[in-house]
Amino acid sequence: MTIEEKVFKLVLTIPKGRVTTYKEIARILKINPRRIGTILHKNTNPDIIPCHRVVKSDGSLANGYAFGGMKEQKRKLQEEGIILKKNKIDLSRFFFTFSGYDVA
DNA sequence: GTTGGGGCCGTCA
DNA sequence: CTGACGGCCCCAA
């Protein structure tokens, strides 16, 4: 099981209408947050990987979202019922943790 | 609010 | 092998 696979697996567990952060994923997988973006960017198959549900640790959207830019990402999030205020997400309401997730 | 540094480490040229 | 860069993060001006 490679790191990327773990990342994708985690992202896939994010329920609709919730989001998580790069930092959180990095924390679970014990890797540097920087790697998350790199990995997600490489994997360009939004059909199976809901990478729009991954945002920065302050709730704002990432810069290089590869599938239409952050406006498209924003649209998708709103479509799921997530509310964005000033391009930021209220993490206290929509943040999803991987508590209990077994990395293995 | 902004910029700029350092960190970390895989990936790509 | 070497160097540059990243969908980030943290801290300091």
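Each chain gets a letter, A, B and so on, in the order the sequences are listed, and its residues count up from 1. Side-chain atoms are counted along with the backbone in the values below, which use heavy atoms only and exclude waters and symmetry mates. Computed from a prediction, not measured in an experiment: that's the story for all the values here.
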Student check: side-chain heavy atoms of A/Phe95 and A/Asp90 closer than 4.5 Å: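 No, every pair of side-chain atoms sits at 4.5 Å or beyond.
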Could you give me the stems involving DNA chain C, meaning stretches of three or more consecutive Watson-Crick or G-U wobble pairs whose two defining distances are both below 3.5 Å?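 As far as DNA chain C goes, consecutive pairing (with distances under 3.5 Å) yields the stems B:2-7 with C:8-13, B:9-13 with C:2-6.
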Grouping I, L, V, M, F, W and Y whenever their side-chain heavy atoms are under 4.5 Å apart, do A/Leu61 and A/Val19 come out in a common cluster?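 Yes: a chain of side-chain contacts under 4.5 Å links A/Leu61 to A/Val19.
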Proximity to DNA chain C (any heavy atom under 4.0 Å), residues of residues 57-65 of chain A only: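 The answer is A/Ser57, A/Ala62, A/Asn63, A/Gly64, A/Tyr65.
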According to side-chain contact (heavy atoms from CB on, under 4.5 Å), who are the partners of A/Arg18, at least two apart in sequence or on a separate chain?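 Only A/Ile14, A/Pro15, A/Phe96 meet the side-chain contact (heavy atoms from CB on, under 4.5 Å) criterion with A/Arg18.
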All pairs passing salt bridge (Lys or Arg N to Asp or Glu O under 4.0 Å) where residues 60-76 of chain A contributes a residue, at least two apart: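 Of all non-adjacent pairs touching residues 60-76 of chain A, those that pass salt bridge (Lys or Arg N to Asp or Glu O under 4.0 Å) are A/Glu72-A/Arg75, A/Arg75-A/Glu79.
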Using modelled atom types and a 3.5 Å cut-off, is there a donor and acceptor pairing between side-chain atoms of A/Gln73 and backbone atoms of A/His52?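 Indeed, once roles are kept as given, a pair shorter than 3.5 Å links the two residues.
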Pairs satisfying salt bridge (Lys or Arg N to Asp or Glu O under 4.0 Å), at least one member in residues 34-44 of chain A, at least two apart: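 Every candidate salt bridge (Lys or Arg N to Asp or Glu O under 4.0 Å) pair involving residues 34-44 of chain A fails, so no pair, neighbours aside, qualifies.
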What nucleic acid atoms does A/Val54 come within less than 4.0 Å of, heavy atoms only: base, sugar-phosphate, or nothing?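 If one applies the 4.0 Å heavy-atom cut-off, A/Val54 turns out to touch a base.
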For DNA chain B, which residues of residues 31-39 of chain A approach it to below 4.0 angstrom with any heavy atom?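 Hits under 4.0 Å, by residue number: A/Asn32, A/Arg34, A/Arg35.
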Would A/Ile25 and A/Phe98 satisfy side-chain contact (heavy atoms from CB on, under 4.5 Å), going step by step from the backbone distance to the final call? CA-CA 8 Å; A/Ile25 296 172; A/Phe98 297 106; 3.9 Å; yes
With heavy atoms of chain A within less than 4.0 Å as the criterion, where does contact along DNA chain C begin and end?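 That gives a stretch of C/dG6 to C/dC10.
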hydrophobic_cluster_shared for A/Ile28 and A/Val54, side chain cutoff 4.5 Å: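 Same cluster: A/Val54 reaches A/Ile28 through Ile, Leu, Val, Met, Phe, Trp or Tyr contacts under 4.5 Å.
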Quick one, A/Thr21 with A/Ile36, criterion side-chain contact (heavy atoms from CB on, under 4.5 Å). Give me CA distance, side-chain angles, the key distance, then yes/no. CA-CA 10 Å; A/Thr21 66; A/Ile36 309 296; over 6 Å; no
So which pairs with a foot in residues 43-55 of chain A pass salt bridge (Lys or Arg N to Asp or Glu O under 4.0 Å), sequence neighbours left out?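 Only A/Arg53-A/Glu80 qualify under salt bridge (Lys or Arg N to Asp or Glu O under 4.0 Å).
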Closest approach of A/Met70 and A/Ala62, non-hydrogen atoms and distance?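 Result for this residue pair: CE-O, 3.3 Å.
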My understanding is that only residues two or more places apart in sequence, or in another chain, count here; which of them pass ring-ring contact (aromatic ring centres under 6.0 Å, His included) with A/Tyr22?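 For A/Tyr22, no residue satisfies ring-ring contact (aromatic ring centres under 6.0 Å, His included) once neighbours in sequence are set aside.
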Considering only heavy atoms of chain A and a distance under 4.0 Å, specify the first and last nucleotide of DNA chain B in 5' to 3' order that meet this criterion.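 The contacted stretch runs from B/dG7 to B/dC12.
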Sequence neighbours excluded, which residues qualify as side-chain contact (heavy atoms from CB on, under 4.5 Å) partners of A/Leu12?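 Counting only residues at least two positions away or on another chain, A/Leu12 forms a side-chain contact (heavy atoms from CB on, under 4.5 Å) with A/Ile49, A/Pro50.
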Could I get the full list of side chain to side chain donor-acceptor pair (under 3.5 Å) partners for A/Thr13, not counting sequence neighbours?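 Per chain and number, A/Thr13 pairs via side chain to side chain donor-acceptor pair (under 3.5 Å) with no residue.
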Side-chain heavy atoms under 4.5 angstrom apart, residues restricted to Ile, Leu, Val, Met, Phe, Trp, Tyr: same cluster for A/Ile48 and A/Leu77?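 Hydrophobic grouping puts A/Ile48 apart from A/Leu77.
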